[in-house]
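One structure below.
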There are 2 protein chains.
Amino acid sequence: MPQKTIDRRIQRTRQLLQNALSELILQKGYEKVTVQDVIDRANVGRSTFYAHFESLDQLLLSGFEPLRAQFEDFLSGAEFDHESPWALSLTMFQQVQKQQGGYITLTHIQKFLYGYLLDHLKMGMPKRNKNVPPELLAHYVASSFIALMTWWIDNEYPLSAEKMNEIYRQLVEPGTMAIMMGG
Amino acid sequence: MPQKTIDRRIQRTRQLLQNALSELILQKGYEKVTVQDVIDRANVGRSTFYAHFESLDQLLLSGFEPLRAQFEDFLSGAEFDHESPWALSLTMFQQVQKQQGGYITLTHIQKFLYGYLLDHLKMGMPKRNKNVPPELLAHYVASSFIALMTWWIDNEYPLSAEKMNEIYRQLVEPGTMAIMMGG
DNA sequence: TATGTTTCTGAACACTATGTTCGGTTATAC
DNA sequence: GTATAACCGAACATAGTGTTCAGAAACATA
């Protein structure tokens, strides 16, 4: 049973922590950020931090939640059941650029995407071709996507999302299709 | 001016530390290994560790050195100047499997490979096609390779190096060639 | 605006790890 | 055999983690 309203202090605290983490990640990279850094910058008590999150990872994930939920909705929507998995990529490029997600979250997107692709590949792939495990194919398609996304973010979005998506498909689709149709 | 012989104690200490690190990585993954773990298992004094390496990362890198040097030799050899970059991949699969390098070192291989590919792509690519930056192409080819390698290692080499190489080329070559020839 | 509840605070604590220092011990090269 | 270089390990300073708890502050609600 969800609360009607959430205590303003809670919202405030979480927001402060998330903002502090974001800024610190930009400054020195996630690996080097400590809980101490975050609570210092957010000006929040140590115990308060642990009352809300049990680790830095959790705090990071909590910020990613809206984006993740959005993708989940999108992926479970009926509209794409009969489309190929490729229909996803453009939206993903666009969403990531819009939200300026940063590549910190890409790991999570990758896992998510992998699971999705694996399902769809298992359905859509003929039984032949034991040669190439669907897990490998899904891993490749997801990894390639993340690779392009990483380059794109690192270089501060030098091309449009549409162009990136076009390149992605040009690169990945031919080889994948060939193998799926029975290499 | 390099030493004629290296003090046996030095060799012994470094070997012990490297072995200890390898074993610990297999047991619990690099991220969770501490200096304390390493010196305990190697049975080496704390100060001794720091006399040889200034961090765990350095110790890790030192173990990677032979493999890296080998690749460097290989890549700078004349024999492949007129071959396509694809000639590399099989050897790499084979080498990594032989040396049981583990994916810890893959980051370094990737950087290395990226530089190599970028050089060769800039040479071999017509001037047309400003659309797709060679940096992106090199990044993609290197990343895909690392992706397949990662999957292969994670799953404990379920396919032969030859088979992996074949799949890699089937997946990556068509799209890449199409773009290089002027997508 | 009074009240009971929830949240925040911050200091104290136990713990784990890092990296340095230094006097004493041991192995090695020659 | 001896000088030297490497090793040892305990002690120390530093820094981070995660927990606890009593008191202060903010909040929702009526």
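Proteins come first, then strands; the chains are lettered A, B, ... in the order of their sequence lines, and each starts at number 1.
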Checking [X] side chain against [Y] main chain: does a donor-acceptor pair fall under 3.5 Å?
X: Tyr30(B); Y: Leu21(B); result: no
X: Asp37(B); Y: Thr34(B); result: yes
X: Tyr168(A); Y: Ser144(A); result: no
X: Ser62(B); Y: Leu59(B); result: yes
X: Gln170(A); Y: Ile179(B); result: no

Rounded to whole angstroms, how far apart are [atom1] on [X] and [atom2] on [N]?
X: Leu59(B); N: dT18(C); atom1: CG; atom2: C1'; answer: 15 Å
X: Asp37(B); N: dT18(C); atom1: CG; atom2: C1'; answer: 13 Å
X: Phe53(B); N: dT18(C); atom1: CZ; atom2: P; answer: 15 Å
X: Gln36(A); N: dT14(D); atom1: CD; atom2: C1'; answer: 13 Å
X: Asp40(B); N: dT18(C); atom1: CG; atom2: C1'; answer: 14 Å
X: Lys32(B); N: dT16(C); atom1: NZ; atom2: C1'; answer: 15 Å

inquiry  = For a quick test of reading the model: is some side-chain N or O of His52(B) closer than 4.0 Å to OP1 or OP2 of dA6(D)?
reply    =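 Result: no.
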request  = Please find out if less than 6.0 Å separates the ring center of Phe145(A) from that of Tyr114(A).
outcome  = no
inquiry  = Using a 4.0 Å heavy-atom cut-off, does Thr34(A) contact any base of the nucleic acid, only the sugar-phosphate backbone, or nothing at all?
reply    =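 Answer is sugar-phosphate: Thr34(A) comes under 4.0 Å of backbone atoms only.
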task = Using a heavy-atom cut-off of under 4.0 Å over every strand shown, decide if Asn43(B) touches base, sugar-phosphate, or nothing.
result =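 Sugar-phosphate only.
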Protein-nucleotides 19-21 of chain C N/O pairs closer than 3.5 Å?
from    : atom 1 : to       : atom 2 : distance (Å)
dG19(C) : OP2    : Tyr50(B) : OH     : 3.2
dG19(C) : N7     : Arg46(B) : NE     : 3.1
dG19(C) : N7     : Arg46(B) : NH2    : 3.0

key: Joint hydrophobic cluster, Ile153(A) plus Leu136(B), side-chain heavy atoms closer than 4.5 Å   =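 The answer is yes; both residues are in one hydrophobic cluster.
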Any donor-acceptor N or O pair under 3.5 Å, side chains Gln15(A), Asn19(A) =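 Short answer, yes.
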ask   = Heavy atom of residues 7-18 of chain B under 4.0 Å from DNA chain D: which residues?
value =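 Contacts with DNA chain D under 4.0 Å: Asp7(B), Arg9(B), Ile10(B), Thr13(B).
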key: Side chain proximity check, Ile167(A) to Leu159(A), heavy atoms < 4.5 angstrom   =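 A side-chain contact exists here, since the closest heavy-atom pair is under 4.5 Å.
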